[in-house]
Undergrad: 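Input: one structure, supplied below.
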Amino acid sequence: MLNTLIVGASGYAGAELAAYLNRHPHMNIAALAVSAQSADAGKRLSDLHPQLKGIVDLPLQPMGDDVSELAKTVDVVFLATAHEVSHDLAPEFLAAGCVVFDLSGAYRVNQPEFYSRYYGFEHQHGDWLAKAVYGLAEWQGEALKHAQLIAVPGCYPTASQLALKPLVDGGLLNAEQWPVINAVSGVSGAGRKASLGSSFCEVSLQPYGIFTHRHQPEIAAHLGIPVIFTPHLGNFARGILATITCRLKTGVTAEDVAECYHNAYQDKPLVRLYDKGVPALKAVVGLPFCDIGFAVQGEHLIVVAAEDNLLKGAAAQAVQCANIRFGFSQTLALL
Ligand SMILES: NC(=O)C1=CN([C@@H]2O[C@H](COP(=O)(O)OP(=O)(O)OC[C@H]3O[C@@H](n4cnc5c(N)ncnc54)[C@H](OP(=O)(O)O)[C@@H]3O)[C@@H](O)[C@H]2O)C=CC1
Ligand SMILES: CC(=O)N[C@@H](CCC(=O)OP(=O)(O)O)C(=O)O
């Protein structure tokens with residue numbers, strides 16, 4: 001049994017992790033942690049997330065100063081914390097020998113200058129940044145098996161890359177037209193803390209971060225091609241729907257695209273391919289899948305990918321990575 005700690009357990013992603021790990025046969029939730037000054041310290045997780053009543057009633061512990069003492073009591077740590085918090089905490093747990101799954105962006109792109117430009121802080125742990133394995137689970141199976149630090153991808157990058165990577169690797173796209181990713185996220189993507197921008201009366205449907213969102217370089221760095229990425233905030237709680245417009249190389253047919261996706265994902269249980277039509281959010285909300293469908297007209301290809309941002313876009317992918325890392329079935333506790 002692996003003793004497991006969730007830091008940031010009271011947040012949206014942390015609560016989903018707790019629900020999965022609670023039903024994992026080889027992982028025991030040793031502790032749930034929040035910040036030292038958290039207003040929720042001492043409360044039960046199920047007081048904040050009533051869907052967990054009678055399921056995960058463990059208390060939320062404030063993180064003490066002595067992280068190394070806490071680290072000695074656990075084998076595995078999930079950091080469901082803000083980027084700066086994960087940046088600081090991960091090396092402390094890693095030094096104690098823990099395997100760390102970081103849901104934040106702190107270790108996703110091995111280019112230190114990327115952090116000053118897109119995250120607003122100077123990265124201090126280039127050694128761990130270089131060693132981190134990017135946890136796009138369907139594509140990193142072997143590397144994950146030996147990793148000590150797994151950087152779980154962002155929610156938009158998961159949907160975008162699962163849709164584009166087979167086409168890029170298969171050489172099906174015309175390099176002269178950059179893929180254009182328009183993606184809409186539910187408000188839970190912004191986390192549980194209140195802010196004016198995510199309050200009920202403010203949210204309608206609007207693009208944000210045009211040409212500046214940090215997920216554009218995350219997607220481009222890992223795909224190896226430039227993309228145009230425009231996120232949108234929609235007035236629903238959870239889910240991401242990405243509509244991606246690309247140009248195919250001359251002569252590439254819809255059958256070629258279907259075969260390419262089939263070859264990439266036929267043995268990948270958490271990616272579901274559509275033979276006809278394209279997915280809607282209702283097919284994936286509350287589930288750990290990314291669903292993919294497409295349409296072709298001449299050289300134009302539109303791919304639609306849908307996922308639950310908190311699940312395949314965060315907690316489910318983190319548990320999927322943990323399953324691969326420790327040699328369990330990759331859907332254990334997820335389905
Ligand atoms: N929401 C989403 O759709 C996705 C989120 N992510 C990433 O996952 C991470 C968590 O996101 P999300 O669940 O939305 O965030 P939330 O804001 O909902 O939760 C953040 C959690 O971190 C805790 N926390 C804050 N400061 C500290 C600290 N210093 N030490 C320990 N715990 C702390 C908070 O509790 P308290 O403040 O009370 O201490 C809370 O439990 C982020 O990095 C986010 O970018 C990734 C993919 C998708
Ligand atoms: C709706 C919304 O605000 N979404 C978040 C993305 C959350 C996420 O997955 O990404 P990171 O882990 O990279 O922060 C945003 O655009 O910042």
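Indexing begins at 1, ligand by ligand and atom by atom, following the structure's order.
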Undergrad: Output yes when Arg238 and Glu307 qualify as a salt bridge under the 4.0 Å nitrogen-oxygen rule, no when they do not.
TA: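 Judged by the 4.0 Å cut-off on N to carboxylate O distance, Arg238 and Glu307 do not form a salt bridge.
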Undergrad: At what distance is the nearest protein heavy atom to atom 11 (P) of ligand 2, and which residue and atom is it?
TA: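 Here the nearest protein heavy atom works out to Arg214 NH2, 3.3 Å.
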Undergrad: Under 4.0 Å, heavy-atom basis, I'd like to know which part of Ser185 is in contact with ligand 2: side chain, backbone, both or neither.
TA: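 It is the side chain that gets close, since no backbone atom is under 4.0 Å.
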Undergrad: Show the numbers, then the answer: is there a side-chain hydrogen bond (donor to acceptor under 3.5 Å, both in side chains) between Gln124 and Tyr115?
TA: CA-CA 10 Å; Gln124 305 296 320; Tyr115 288 92; over 6 Å; no
Undergrad: Is the centre of the Phe211 ring less than 6.0 Å from the centre of the Phe229 ring?
TA: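 Ring centroids of Phe211 and Phe229 are no less than 6.0 Å from each other.
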Undergrad: Check whether the ring centres of Phe326 and His26 lie less than 6.0 Å apart, and answer yes or no.
TA: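 Between Phe326 and His26, the centre distance exceeds or equals 6.0 Å.
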Undergrad: What verdict does the ring pair (Phe, Tyr, Trp, His ring centres under 6.0 Å) test give for His24 and Phe328, after you've listed the backbone C-alpha separation in whole Å, the side-chain angles of each residue and the deciding distance to 0.1 Å?
TA: CA-CA 10 Å; His24 200 294; Phe328 310 133; 5.4 Å; yes
Undergrad: If hydrophobic clusters are built from ILVMFWY residues whose side chains come within less than 4.5 Å, do Val252 and Leu273 share one?
TA: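 Linked, Val252 and Leu273 end up in one cluster.
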Undergrad: At less than 4.0 angstrom from any non-hydrogen atom of His213, what atoms of ligand 2 do you find?
TA: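 Listed by number with element: 15 (C), 16 (O), 17 (O).
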Undergrad: Under the side-chain hydrogen bond (donor to acceptor under 3.5 Å, both in side chains) rule, collect the residues that match up with Lys145, sequence neighbours excluded.
TA: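 Expected list: Glu142.
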Undergrad: Could you give the N/O to N/O pairs under 3.5 Å linking ligand 1 and the protein, each with its distance?
TA:
unit_1, atom_1, unit_2, atom_2, d
ligand 1, 1 (N), Ser188, O, 3.0
ligand 1, 3 (O), Asn309, ND2, 2.8
ligand 1, 13 (O), Tyr12, N, 3.3
ligand 1, 13 (O), Ala13, N, 2.8
ligand 1, 18 (O), Tyr12, N, 3.1
ligand 1, 18 (O), Arg192, N, 2.8
ligand 1, 32 (N), Ser35, N, 3.3
ligand 1, 35 (O), Ser10, OG, 3.4
ligand 1, 38 (O), Ser38, OG, 2.5
ligand 1, 39 (O), Ser35, N, 2.8
ligand 1, 39 (O), Ser35, OG, 2.4
ligand 1, 41 (O), Gly8, O, 3.2
ligand 1, 41 (O), Ser10, N, 3.3
ligand 1, 41 (O), Ser10, OG, 2.6
ligand 1, 41 (O), Gly11, N, 3.1
ligand 1, 43 (O), Thr81, O, 2.6

Undergrad: In ligand 2, which numbered atoms sit nearer than 4.0 Å to a non-hydrogen atom of Tyr208?
TA: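 By the 4.0 Å cutoff, the relevant atoms are 1 (C), 2 (C), 3 (O), 4 (N), 15 (C), 16 (O).
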Undergrad: May I ask whether Leu103 has any heavy atom positioned less than 4.0 angstrom from an atom of ligand 2?
TA: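 Heavy atoms of Leu103 do come under 4.0 Å of ligand 2.
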Undergrad: Looking only at the side chains, is there a donor atom on one of Ser204 and Asn235 sitting less than 3.5 Å from an acceptor on the other?
TA: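 Distance-only check fails for Ser204 and Asn235.
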Undergrad: With hydrophobic residues grouped by side-chain heavy-atom distances under 4.5 Å, do Phe236 and Tyr208 end up in a single group?
TA: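 In one cluster: no.
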Undergrad: Could you go step by step and tell me if His123 and Tyr107 meet the ring pair (Phe, Tyr, Trp, His ring centres under 6.0 Å) rule?
TA: CA-CA 9 Å; His123 210 289; Tyr107 292 91; 5.0 Å; yes
Undergrad: Could you tell me whether Glu138 and Lys268 have a side-chain N and a carboxylate O separated by less than 4.0 Å?
TA: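 The answer is no: the pair does not qualify as a salt bridge.
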Undergrad: Give the residue, atom name and distance (to 0.1 Å) of the protein heavy atom nearest atom 4 (N) of ligand 2.
TA: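 Nearest protein contact, heavy atoms only, for atom 4 (N) of ligand 2 is Gly189 O, 3.3 Å.
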Undergrad: Quick one: look up the protein heavy atom nearest atom 12 (O) of ligand 2 and list residue, atom name and how far away it is.
TA: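 Going by distance alone, atom 12 (O) of ligand 2 is nearest to Arg108 NH2, 2.8 Å.
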Undergrad: Do Tyr156 and ligand 2 have an N or O pair less than 3.5 Å apart?
TA: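 Between Tyr156 and ligand 2 (N or O atoms, distance only) the closest approach is not under 3.5 Å.
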Undergrad: At a 4.0 Å threshold, what atoms of ligand 2 neighbour a non-hydrogen atom of His83?
TA: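 Matching atoms, with element in brackets: 11 (P), 12 (O), 13 (O), 14 (O).
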Undergrad: Starting from atom 9 (O) of ligand 2, locate the nearest protein heavy atom and write down its residue, its atom name and how far away it is, to 0.1 Å.
TA: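 The closest one turns out to be Cys155 SG, 2.5 Å.
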Undergrad: Between ligand 2 and Glu218, can you find any atom pair, the residue atom being a heavy atom, that is separated by under 4.0 Å?
TA: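 No heavy atom of Glu218 comes that close to ligand 2.
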Undergrad: Atoms of ligand 2 less than 4.0 Å from Gly186 heavy atoms?
TA: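 Once the distances to Gly186 are compared, the set is 1 (C).
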Undergrad: So, does Pro231 sit close enough to ligand 2 that a heavy atom of it is under 4.0 Å from the ligand?
TA: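 No, that is not the case, since the closest heavy atom of the residue is not under 4.0 Å from the ligand.
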Undergrad: Report yes or no: does Gly313 have a heavy atom closer than 4.0 Å to ligand 2?
TA: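 Not so, Gly313 does not reach ligand 2.
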Undergrad: Apply side-chain hydrogen bond (donor to acceptor under 3.5 Å, both in side chains) to the pair His125 and Asp88, showing each step before the final yes or no.
TA: CA-CA 9 Å; His125 304 291; Asp88 294 348; 4.9 Å; no
Undergrad: Only heavy atoms of Leu233, strictly under 4.0 Å: list the atoms of ligand 2 that pass.
TA: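 Numbered from 1, ligand 2 contributes 1 (C).
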Undergrad: Taking the six-membered ring for Trp and the single ring otherwise, decide whether the centroids of Tyr119 and His87 are under 6.0 Å apart.
TA: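 No, ring centres 6.0 Å or more apart.
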